[in-house]
Amino acid sequence: QVQLVESGGGLVQAGGSLRLSCAASGLTVSSKTMAWFRQAPGKERVFVARIRWSGGATLYADSVKGRFTISRDNVKNTVYLDMNSLKPEDTAVYYCAGARDQRAAVKRDDCEYWGQGTQVTVSS
């Protein structure tokens, strides 16, 4: 049974930083493309960042490029999202996701495994 457990969310002032963690069990993060999505109140869940299983290539949404970094620790079987220079518009529930098959993990339908989400609130 696959489980993805996010942690690290919280309340931070604009300009601050947070590190989100996604601890995986039942799958190996080095063998699956992993991603972060976010969902703001009243809006759809959207892609934030992903790290490919092969080679570790990363991809970011334009809105977070240069501020967020996705990484993984194969020993801990954990994926991270380092968020810097946070803005109020980054406020959302952040979800960790595992891709379906070899899909790109840039759309919701690309992913078959989801965590429960962690709330990030950025105050102005």
Side-chain angles (χ1 to χ4, degrees):
Q1 181 181 359
V2 173
Q3 278 194 315
L4 301 176
V5 180
E6 301 100 333
S7 61
L11 173 65
V12 63
Q13 287 189 332
S17 301
L18 282 175
R19 169 176 256 206
L20 304 184
S21 299
C22 171
S25 59
L27 66 76
T28 303
V29 299
S30 60
S31 301
K32 184 166 287 289
T33 293
M34 301 295 294
W36 289 93
F37 287 71
R38 67 186 182 187
Q39 187 166 16
K43 296 189 176 181
E44 294 187 350
R45 193 173 301 184
V46 297
F47 169 77
V48 174
R50 74 106 199 271
I51 182 166
R52 288 194 67 89
W53 69 274
S54 177
T58 57
L59 181 69
Y60 299 92
D62 287 344
S63 58
V64 307
K65 202 173 295 182
R67 301 187 298 122
F68 290 12
T69 303
I70 187 171
S71 62
R72 67 187 181 209
D73 184 324
N74 295 340
V75 174
K76 295 183 178 180
N77 207 35
T78 298
V79 179
Y80 302 99
L81 185 68
D82 288 297
M83 307 186 295
N84 298 309
S85 302
L86 283 161
K87 305 174 181 179
E89 50 263 44
D90 295 318
T91 295
V93 177
Y94 284 71
Y95 296 90
C96 177
R100 188 189 314 275
D101 303 321
Q102 303 301 319
R103 299 190 188 189
V106 296
K107 299 180 297 183
R108 287 190 66 172
D109 288 347
D110 285 345
C111 300
E112 62 178 325
Y113 303 114
W114 293 91
Q116 81 288 350
T118 186
Q119 176 71 47
V120 172
T121 303
V122 184
S123 62
S124 56

With rounding to the nearest 0.5 angstrom, report the [atom1] to [atom2] distance, [X] to [Y].
X	Y	atom1	atom2	value
Arg50	Thr58	CZ	OG1	8.0 Å
Arg67	Lys87	CZ	NZ	4.5 Å
Lys76	Cys22	NZ	SG	14.0 Å
Thr78	Leu4	OG1	CG	10.0 Å
Arg38	Arg45	CZ	CZ	13.5 Å
Asp62	Phe47	CG	CZ	10.0 Å

**OP:** Just grab all the disulfide bond (SG atoms under 2.5 Å apart) pairs involving residues 64-93, residues at least two apart or on different chains.
**Re:**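 Qualifying pairs: none.
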On a heavy-atom basis, which atom in [X] and which in [Y] lie closest, and how many Å separate them?
X	Y	value
Asn74	Ser30	OD1-CB, 3.4 Å
Ala104	Thr33	O-CG2, 3.9 Å
Gly9	Val120	CA-CG2, 4.1 Å
Trp36	Val79	NE1-CG1, 3.6 Å
Ala40	Ala92	N-CB, 3.8 Å

Determine yes or no for a side-chain-to-main-chain donor-acceptor pair under 3.5 angstrom, with [X] supplying the side chain and [Y] the backbone.
X	Y	value
Asn77	Val29	yes
Glu6	Gln116	yes
Asp110	Ala99	no
Thr118	Ser7	no
Arg100	Cys111	yes

**OP:** In plain terms, say whether Asp109 and Arg103 are close enough for a salt bridge, that is, a side-chain N and a carboxylate O under 4.0 Å apart.
**Re:**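 No, no charged N to carboxylate O under 4.0 Å.
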**OP:** Please collect all salt bridge (Lys or Arg N to Asp or Glu O under 4.0 Å) contacts where either partner lies in residues 18-35, sequence neighbours excluded, each pair once.
**Re:**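 Non-adjacent pairs meeting salt bridge (Lys or Arg N to Asp or Glu O under 4.0 Å): Arg19-Asp82, Lys32-Glu112.
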**OP:** Provide the full list of ring-ring contact (aromatic ring centres under 6.0 Å, His included) pairs with a residue in residues 75-124, sequence neighbours left out, each pair given once.
**Re:**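 Residue pairs with at least one partner in residues 75-124: Phe37-Trp114.
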Taking a hydrophobic cluster as the set of Ile, Leu, Val, Met, Phe, Trp and Tyr residues connected by side-chain heavy atoms closer than 4.5 Å, whether directly or through intermediates, do [X] and [Y] fall within one such cluster?
X	Y	result
Phe68	Val46	no
Met83	Leu59	no
Leu11	Leu86	no
Leu81	Val12	yes
Trp53	Tyr60	no

